[in-house]
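Because the structure is predicted, anything quoted here is derived from the model rather than measured. Order of the sequence lines fixes the chain letters, A, B, ..., with proteins taken first and strands second; residue numbering starts at 1 for each chain.
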Amino acid sequence: MRTFRLTPPSEAFAFLEELNDVQRQAVEHTEGPVLIIAGAGSGKTRVLTYRIAYLLATGRAYPEQILALTFTNKAAREMQRRIEELVGPRAQHIWMGTFHALFARILRQEIDHLGLWNRQFTIYDTEDQERLLLGVIKEKQLDPKLISPRSVRHRISFWKNQLLSPEEARRLAANVLEAHAADLYALYQERLARANALDFDDLLLLPIRLFEQFPEVLARYQQRFRYILIDEYQDTNRAQYVVTRLLAAAHRNLCVVGDDAQAIYAFRGADIRNILSFQEDYPDAAVFRLEQNYRSTKRILRAADSVIRFNRNQLPKQLWTANPDGEPIVLLRCASEREEGETIARMLLQLRREGYPYREMAVLYRTNAQSRAIEDGLRMAAVPYQLVGGLSFYKRREIKDVLAYLRLLVNPDDEEALLRVLNVPPRGIGERTLERLRLLAAERGYSLWQAIAHASEAGISTRALNPLERFREMVEHYRAQLGTRAAVELVRDYLGATGLMEALLAERTPEAEARWENVQELLSAIAEFQQLRPEATLDAFLQEVSLLTDIDTYEPDTDRVTLMTVHAAKGLEFRVVFIAGMEEGLFPILAPDTDIEEERRLFYVGLTRARERLFLSHSQSRYRFGTLQYMERSRFLQEIDPEVLVDERGRPIAGSGTGTLSGSDADRRVVYDEDILDWHALRPGMRVEHPQFGEGRVLEVQGSGPQARVLVHFDLYGQKKLVLQYARLRRA
DNA sequence: TAAGGGCTGATTTTT
DNA sequence: TCAGCCCTTA
């Protein structure tokens, strides 16, 4: 009997042998729409990379005919590297990158069609957006405290993701607040155009408008991209959905990979329904389910599975693994944040002795604010770590100042850049002068930059006219040299002329010195960029920087423990994972608009990052908003199958309920309070530990019951009298 | 116009 | 806790 094969097996396809049956089918099913539901650790990236390699090896497409969309630059780079291993350097010609980067690239080519912008456009980050909005809000005589730039930015972003214009938003506005926001949206959009700037959402929105208004442009890209692949499809928003549907309309070779259980970006407009819509739009789509997990131990997978089952909105699937049972999951109870950091550090050292390299271990948390206590703990224990995220390099003030100066060279109409640096360092250009310029710009339809050229007509005093003119000449001088000399040298001279560096040095504070060093580091980054891509211009550098994210700075090769948010860890894996801060209100974070199922999916993402060992920690107290708060254990801990959980000493977790349902609040409190001492157990002379004051010795117990008073001599804080109920003392 | 001091409000997560 | 903002003063 002969089985028909589209392509004969040969050396070129030897890599297919490394796939399981479903993976291989998903790779070989090249034509038409394909939906791959890929559970955590099921070899999703492998399928995507092999599929691309297969398209190339079978001659179905040239590299430049493949469009592969990811959510982070890092994911794109990783995929590029792996394809290169399979097919060699021609992988470099694949259109692979983030949605935002690739559509920015298309807009650089085509934006002239739309009229309002030119190719030198700048990309505004959220800070630029909010500064612009603040100006617009004040201009409309609204109170920024009632209508905050932040909330307006949110709303506008939401509208843009729904593909709504300012006019449509205005029509749909349900209340006064939304009506104001819609008006601000209109003005905001005008100002963006005047500044020749786009925001992140425009990078997706404008290609849609472009393709809809200019079918011949769309047709060109439809022909170019014969195969389209999208990673992390569960996190696409409406605009991303529409733009890829347009591009794929002609050939329908659209392959999307996603896992609804890992959808964690609904807050940013991502819509899980895109996976469901996909099957409606393409009823003939082939669907593949990758359910074998290659990453984690059975226990880890069981923990993750038991948690995610509490979500109602979930596509049915059954992940399984052939991996060993592995070690139980360890629950670490800590009295304070400080202790949590210390405990984690101690465990890391121990694991290191057991043979786990630091680079194979990660500490994950819900919010960046938590990193501080953990960092302290690791630093004290001399555990090397690398922090991903937090205040990233490119968000620092001095770096943003320098970048604003550079943006001005490429696009002098960039108003937020101009406002940022016009008087930095102080040049004697104050609020009054600026007001006059704004007025002139509004009257004549100038950009602010053009208004400066006509400053003498704005009724500005000669005293302020002088520095304005010098500023304009300086920018023009270096602008004229763009492209004629090496970028690094140009930038160095230009920065010298601005007086920015000088001002930093003159401050003579350690902070200013650190800032100065950061600027030097930025110069090195420019030099490096230029070396890597000699043909690239300054605006290419600026664009790359504006689309960088924190995770992109992650260096997996150094032997250090990784600290990052669970969000940032998506797509990564480690042999050992700690998830810190497993407390109600923190993870899940509780706000009026919290979507508990999304929080649970996020926890699921965290759990499934672990390959071999998993540790969950929670602290009984924590400083929030500057005051000490007592924290309850996270409900998610109750949802983990108790059979895979042990405490720090390897004992099973008692009182966790049956494992099929989460315990009631009362149950939870019992577990939570297990080690808290009550008055029966307290004896003078006993060593105890307090969440805030640390360790000490009991001197005296007065009264009985929860209201009993305890006199304790703390090692560090001296004598304190405490109400037992609130003191939450534990045996030290 | 620039610098310094006190007050307030915020903390999710990020392309 | 802390950073950014507003107000005051030189």
Side-chain angles (χ1 to χ4, degrees), chain A residues 69-76 97-104 123-127 129-131 134 144-145 148-151 153-154 157 160-161 198-205 231-232 235-237 239-240 263-270 337 364-373 388-392 394-395 397 423-435 461 463-464 467 503 507 511 546-552 564-570 581 585-596 598-599 601-603 605-606 622-629:
Chain A
L69 296 160
T70 63
F71 276 81
T72 61
N73 297 302
K74 188 190 161 295
T98 63
F99 272 93
H100 292 84
L102 290 182
F103 285 103
I123 299 167
Y124 275 8
D125 66 9
T126 45
E127 194 188 331
Q129 289 178 281
E130 287 178 17
R131 282 165 178 253
L134 182 65
K145 280 178 186 148
S148 71
R150 202 169 148 219
S151 67
R153 177 177 62 76
H154 257 108
S157 174
K160 286 190 171 181
N161 282 326
L198 311 182
D199 64 22
F200 283 130
D201 299 314
D202 287 332
L203 294 177
L204 302 170
L205 193 67
D231 192 14
E232 308 282 11
D235 288 328
T236 51
N237 61 32
Q240 288 163 328
I264 55 174
Y265 284 108
F267 74 91
R268 211 175 63 196
E337 285 169 283
L364 310 182
Y365 35 81
R366 180 66 179 83
T367 65
N368 277 308
Q370 290 166 255
S371 73
R372 196 161 155 185
V388 178
L391 189 61
S392 88
Y394 289 103
K395 290 194 183 105
R397 193 179 70 207
N423 203 30
V424 176
R427 302 192 164 86
I429 305 172
E431 204 40 54
R432 286 177 68 82
T433 307
L434 212 51
E435 214 31 65
S461 64
R463 193 162 63 120
E507 269 191 54
E511 291 81 23
S546 55
L547 295 174
L548 272 183
T549 62
D550 299 330
I551 182 76
D552 296 325
M564 60 169 99
T565 64
V566 185
H567 278 91
K570 191 177 72 157
L586 189 60
F587 201 177
I589 217 152
L590 293 176
D593 56 344
T594 297
D595 174 355
I596 197 73
E598 175 146 312
E599 292 291 312
R601 289 192 294 270
L602 186 60
F603 184 44
V605 167
R622 191 173 289 281
Y623 278 96
R624 302 183 83 192
F625 308 103
T627 55
L628 187 72
Q629 292 190 356

Just call it for [X]: base, sugar-phosphate, or nothing, with non-hydrogen atoms closer than 4.0 Å on any strand.
X: A:F99; answer: nothing
X: A:E598; answer: nothing
X: A:T433; answer: sugar-phosphate
X: A:R432; answer: sugar-phosphate

- prompt: In whole Å, what is the span from the CG atom of A:N237 to the P atom of B:dT14?
  reply: 17 Å

- prompt: Between A:L364 (CG) and B:dT13 (P), how many Å, whole number?
  reply: 14 Å

- prompt: Counting N and O atoms only, with roles assigned by atom type, does the side chain of A:D202 sit under 3.5 Å from a partner on the main chain of A:L205, one being a donor and the other an acceptor?
  reply: no

Distance check: side-chain N/O of [X] vs OP1/OP2 of [N], anything under 4.0 Å?
X: A:T565; N: B:dT14; value: yes
X: A:R150; N: B:dG9; value: no
X: A:R372; N: C:dC2; value: yes

query: Is the shortest side-chain N to carboxylate O distance from A:R366 to A:E599 below 4.0 Å?
result: yes

task: Using a strict cut-off of less than 4.0 Å between a Lys/Arg side-chain nitrogen and an Asp/Glu carboxylate oxygen, indicate whether A:E435 and A:R432 qualify as a salt bridge.
output: no

- prompt: Do A:F267 and the base of B:dT12 stack face to face, with centres under 5.5 Å apart and an angle between planes under 30°?
  reply: no

For nucleotides 2-5 of chain B, which of its nitrogen or oxygen atoms have a protein nitrogen or oxygen under 3.5 Å away, and what is each distance?
{"from": "B:dA2", "atom 1": "OP1", "to": "A:G428", "atom 2": "N", "distance (Å)": "3.2"}
{"from": "B:dA2", "atom 1": "OP2", "to": "A:N423", "atom 2": "ND2", "distance (Å)": "3.2"}

- request: Please state the P separation for the pair B:dT13 and C:dG4 - nearest whole angstrom.
  value: 16 Å

field: 5' precedence on DNA chain B between A:T594 and A:A464 (nearest-nucleotide basis)
entry: A:A464

task: Please name the pair of heavy atoms, one in A:I596 and one in A:P588, separated by the smallest distance, quoted to 0.1 Å.
output: CD1-CB, 3.5 Å

- line: By side chain to side chain contact (heavy atoms under 4.5 Å, CB included), A:E130 pairs with (sequence neighbours left out) A:P149, A:R150, A:R153

Pick out the pairs of N or O atoms, protein on one side and nucleotides 3-7 of chain C on the other, that lie under 3.5 Å.
none

